[in-house]
Every structure is written in C-alpha cells, then in structure tokens.
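Just the heavy atoms: all of them, side chains too, but no hydrogens, waters or symmetry mates, feed the values below. Quantities reported herein were computed from a predicted structural model and do not represent experimental measurements. Quick note on labels: first sequence line is chain A, next is B, and so on, each numbered from 1.
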There are 2 protein chains.
Amino acid sequence: MESKIIVSALAALAQESRLAVYRLLVQAGPDGLAAGKISETLGIAPSSLSFHLKELTHAGLVTSRNESRFVIYSAHYEQMNNVLAYLTENCCGGNPCIPVQFQPCEVPNK
Amino acid sequence: MESKIIVSALAALAQESRLAVYRLLVQAGPDGLAAGKISETLGIAPSSLSFHLKELTHAGLVTSRNESRFVIYSAHYEQMNNVLAYLTENCCGGNPCIPVQFQPCEVPNK
DNA sequence: TCCATATTTCAATATTAATGGAAATATGGA
DNA sequence: TCCATATTTCCATTAATATTGAAATATGGA
C-alpha cells in the first residue's frame, strides 16, 4: 500500500505547526536546524515540537542527525518528490507529461 | 493567513478515499467524472463520497458543474500549484530556484 | 562527578474527522 | 404528473489528533 506513506506525508504537512516547521527547514536547506532553534523561531513548545518532528520524520519528510548535544533536523526532498509523483501518476493515461520536482538549490537539475 | 487554505488542501488529500478521488480526477482530466461514477469506480458509499467531495471542493482542489442530472467533478490544478508554490517559497532565501508546476496535459508548458 | 542544557516521553484533556444508513432534494423521462 | 435516478444532508457512532506541563533521558563542560 504505497498510498499509506503518501497519506502520512500529506497528513504530516496538513497542520499549521508542522507546515511551518517544514517550510522553515526547506528554507534552511541541507544544513538544517537544531530542534531548539526551531522551537524558538516558531514559538512552539519543545514537547509539542518534538511530537510534530516525530510525525514529519515518520512520514519521511525530514531527517535528523546528532551533533553534540543538538539534534539537527533537515528536509528530506526525495519524499516530497515521491508525493508529487504519486499525485501526477497516470495523468493522461500513464504518460507522465509533467515532470514535477522538488530539490534543494544546492543540487540543481542536471 | 494563506497557510489556512494550504493546510486545508493538504488535509483534503491526507485521507485514503480523498487521495484516491483526487488521483482519479487527475487521470480523468478536464472532462471530469460524475459523482456516481467515482462512487462506483472506487467503491465508496455515495453519502461518504459526497462528504469527501465537499472537503476537496472547499479546499479548492476540485470543481463541479451540473450536467443534466449529473454533477461532474474535475481536478482544479491551480490550487495544487498554489500548494507547491507555498511549500517551495523562500527556498534559498527568496529566489525560487525550482519551478514546480502541475498542469493538465491539454495545457502544455508554453 | 555534578550540573546545566537539549530533547524526548508520558499522561490527561479537548477537539475534530470518517463512516454508512435513512431521509430529503432535484432532475429528466414516460 | 409520477416515477426512477443522482446526489446531498442529517444523524449517531467510533476513532484519531493537538496540546501542555512534568518527568525522564542524554550529552558536554566545569
């Protein structure tokens, strides 16, 4: 059931706080941001943010890495591309006519 | 609050039945499909489908038109483009570097 | 080691959403 | 007009999600 993970990704973004977090991480790029910095920037309580970051992570939209005492979160573009591909799949009877892509600026289209 | 309508669009898609409906309408293209045909194709009870179609309509993702006794639903691509634009906004500090677009095949990129 | 910082987990509450059957509404054909 | 078809509305039940404070866990510096 591929649709399950797609639904979870869409559900993860379908919430004010998480949408703001995701956009912030898209803007931050591959360097990412520490959880505390996100909490501070967006004014979301740490425990609440932790819950939302887990949702985004489980949906595959963000990844995290440990750096000293910090946990750095960053956007995971591949998953967004999976979502877009799923939405456009079989458009016009199977011939994908609209290449929709979502990539970090640091990795321009080749 | 632009985020409100974006969240509602994402929430509309973040549900198995509605995601299936939306994809079916993307595949159907501008001609669209009657509510009954959607119900039959996807095996969703009419009352349930009506509820979901309303959600998709309120989110701006689909539109409907009356044709005789039928109500024909079709995907409204502009709203999907709004969602994609919102997600990529300010990526890399304000310079949109990734033109992401979602269009019906009948209206190719010019 | 001990403490401050960073983040997550837990628990309780409140809100919102999904479902299908029955009834209501609307349209077109006999 | 009357009936069959097409869709929506209403209702009741069931389930899932968001929130915050307090406690737990983990890491690094003094």
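For the pair A:S39 and A:P46, the minimum side-chain heavy-atom distance is below 4.5 Å. Put simply, the side chain of A:H76 does not reach to within 4.5 Å of the side chain of A:L25, judged on heavy atoms. Side-chain contact between B:K4 and A:E16 is present, with at least one heavy-atom pair separated by less than 4.5 Å. Side-chain contact between A:H52 and A:K54 is absent, with no heavy-atom pair separated by less than 4.5 Å.
Listed nucleotides: D:dT7, C:dT7, D:dT19. Nearest to the side chain of A:S17: D:dT19. Nearest nucleotide to the A:R69 side chain, out of C:dT8, D:dT8, C:dA4: C:dA4. Set against D:dT8, D:dT27, D:dA6, the side chain of B:S50 has D:dT8 as its closest nucleotide. Set against D:dT8, C:dA18, D:dT7, the side chain of B:A34 has D:dT7 as its closest nucleotide.
Here the C1' atom of nucleotide D:dG21 and the CD1 atom of A:I44 are 17 Å apart, to the nearest Å. Here the P atom of nucleotide C:dT27 and the CD atom of B:E67 are 14 Å apart, to the nearest Å. The CZ-C1' distance, from A:R65 to D:dT27, rounds to 17 Å in whole Å. Taking atom CD of residue B:E16 and atom C1' of nucleotide C:dA17, one finds them 15 Å apart after rounding to whole Å. The separation between A:L53 atom CG and C:dT8 atom P is 6 Å, rounded to whole Å. To the nearest angstrom, P of D:dT5 lies 17 Å from NZ of B:K37. A:E55 has its CD atom 11 Å from the C1' atom of D:dA16, to the nearest Å. Atom-to-atom, CD of B:E40 to P of D:dT7 comes out at 11 Å; the value is rounded to the nearest Å.
A donor-acceptor contact under 3.5 angstrom links the side-chain atoms of A:S47 to the base of D:dG21.
Residue B:R18 places at least one side-chain N or O closer than 4.0 Å to OP1 or OP2 of C:dA18. Distances shorter than 4.0 Å separate some side-chain N or O of B:H52 from OP1 or OP2 on C:dT19. Taking 4.0 angstrom as the limit, A:Q15 places a side-chain polar atom (N or O) nearer than this to OP1 or OP2 of D:dT19. Contact annotation: B:Y73 reaches the phosphate of D:dT8 (side-chain N/O to OP1 or OP2, under 4.0 Å).
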Between A:N81 and A:E78, does a side chain to side chain donor-acceptor pair (under 3.5 Å) hold up when you go through it step by step? CA-CA 5 Å; A:N81 284 330; A:E78 288 92 324; over 6 Å; no
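A 3.5 Å limit on both hydrogen-bonding distances identifies D:dA26 as the Watson-Crick or G-U partner of C:dT5. The partner of C:dG21, taking Watson-Crick or G-U wobble pairs whose two distances both stay under 3.5 Å, is D:dC10. Base pairing analysis places D:dA16 opposite C:dT15; the two distances defining the Watson-Crick or G-U wobble pair are each below 3.5 Å.
Using a 4.0 Å heavy-atom cutoff across all strands shown, A:A11 reaches no nucleic acid atom at all.
Along DNA chain D, the nucleotide nearest A:S48 and the nucleotide nearest B:K54 are compared for position; the residue whose nucleotide lies closer to the 5' end is B:K54. Residue-to-nucleotide proximity on DNA chain D shows that, of A:F51 and A:S68, the 5′-proximal contact is made by A:F51.
Of the possible polar contacts, one joining the A:S8 side chain to the A:I5 backbone as a donor-acceptor pair under 3.5 Å is found.
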